[in-house]
Amino acid sequence: MGETCLSVAETLADVAARRPALKSVLAAFQPMMELRAALTAELGESVAAALTLPAFSLERAAQGAPLMAGMSLHGLAAPLRTAARRMLPELSALAPLASHRAALEDLFLGEGAASERIVEALVAGNGPEFERLAGEASVPPETLGFALDFIAAPVLRALAAQAIPAQGEAPWNGGAVWTQGYCPVCGSLPVIATLDKRVFEEKNAFLAGGGGKKRLHCGLCASSWTFRRSTCPSCGKQGNEVMEILRESGNADGERLDWCVHCKTYCPVVDLRERESVPDMDAMALGMLHLDIAASRKGLRPLRPSFWNMF
Ligand SMILES: [Zn+2]
Ligand SMILES: [Zn+2]
């Protein structure tokens with residue numbers, strides 16, 4: 001808490017220095033990741049003018065309902081259009097998206113509110129509706145999902161930021177308020193997890209905690225939430241023998257994958273107790289691509305597919 005976080009560029013430069021083999025992949029994604037971060041900051045005012053996130057409710061949280069689920073996103077078409085106009089030229093540089101550029105332009109830059117309905121279906125976790133709307137837009141659902149990671153993400157991140165207090169923990173953390181493996185704000189599955197650094201209570205040295213609390217990070221709206229270490233975020237199985245760890249031999253800088261022996265899904269994890277600085281989480285997830293490859297060889301599936309482990 002209160003510690004400065006590295007930027008996308010700083011995090012990727014650090015990874016490239018340690019793993020030169022990943023340099024060209026990191027360079028291919030860096031402009032899109034930096035633009036997403038810049039757009040999130042730029043769109044804050046227009047998103048706030050268009051929509052207010054509902055107040056956090058313990059009752060809804062207890063039912064496992066994310067904050068944005070069921071919320072009307074009417075008003076977001078304009079910021080989505082701005083994000084798409086800036087992001088589509090970058091996305092179209094990637095081969096699997098190039099052939100869908102015209103359809104994505106129609107969808108996001110057109111006059112209708114189809115983009116709002118698609119993002120509503122996404123945050124409501126309504127797969128059939130999402131697939132139907134993707135079909136209407138003539139874009140394969142997984143390609144559309146990837147485009148939304150960069151076009152809807154800055155807009156949803158600006159909206160999700162409304163729920164984060166200036167100081168202290170988010171309302172869904174602490175106690176057993178939110179126990180789901182998916183995001184309490186947008187319902188997306190986590191793209192990466194961290195283990196917290198040691199915490200020192202200045203007023204009372206005896207309360208110094210050992211750290212190591214697990215925190216899942218949403219790749220769509222960038223919210224984070226605490227989660228039990230012995231539980232699988234995907235299938236919910238719990239116990240000492242559920243989660244296994246996969247890591248490189250030698251000094252791994254706290255980087256590893258936690259995978260579930262039951263459902264064979266994995267999520268990258270960074271143990272912040274083994275690092276000096278806090279990396280940018282999106283950039284760090286990309287920077288652990290070597291572990292995605294090792295996981296794929298073991299027949300494991302990413303908890304939430306990203307472009308680099310999807311195509
Ligand atoms: Zn989220
Ligand atoms: Zn599982």
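Just so it is clear, the values below take in all heavy atoms, side chains as well, and ignore hydrogens, waters and symmetry mates. Remember, it's 1-based here, ligands and their atoms both numbered in the order they're listed.
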Metal site the Zn ion (ligand 1), protein N/O/S atoms found under 2.8 Å: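 Atoms of protein N, O or S type lying less than 2.8 Å from the Zn ion (ligand 1) total 4.
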
Sidechain N-carboxylate O distance under 4.0 Å for E129, R117: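 Answer for the salt bridge query: no.
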
Test: R256 and E244 ion pair at under 4.0 Å: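 Salt bridge flag = no for E244 with R256.
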
Assigning hydrophobic clusters by single linkage (Ile, Leu, Val, Met, Phe, Trp, Tyr; side-chain heavy-atom cutoff under 4.5 Å), is [X] placed with [Y]?
X: M33; Y: L6; value: no
X: V261; Y: Y266; value: yes
X: L216; Y: M243; value: no

Metal check, the Zn ion (ligand 2) vs C263 N/O/S, cut-off below 2.8 Å: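 Yes.
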
Aromatic ring pairing F146/F29, orientation class (parallel under 30°, perpendicular over 60°, tilted between):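 Rings of F146 and F29: perpendicular, over 60°.
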
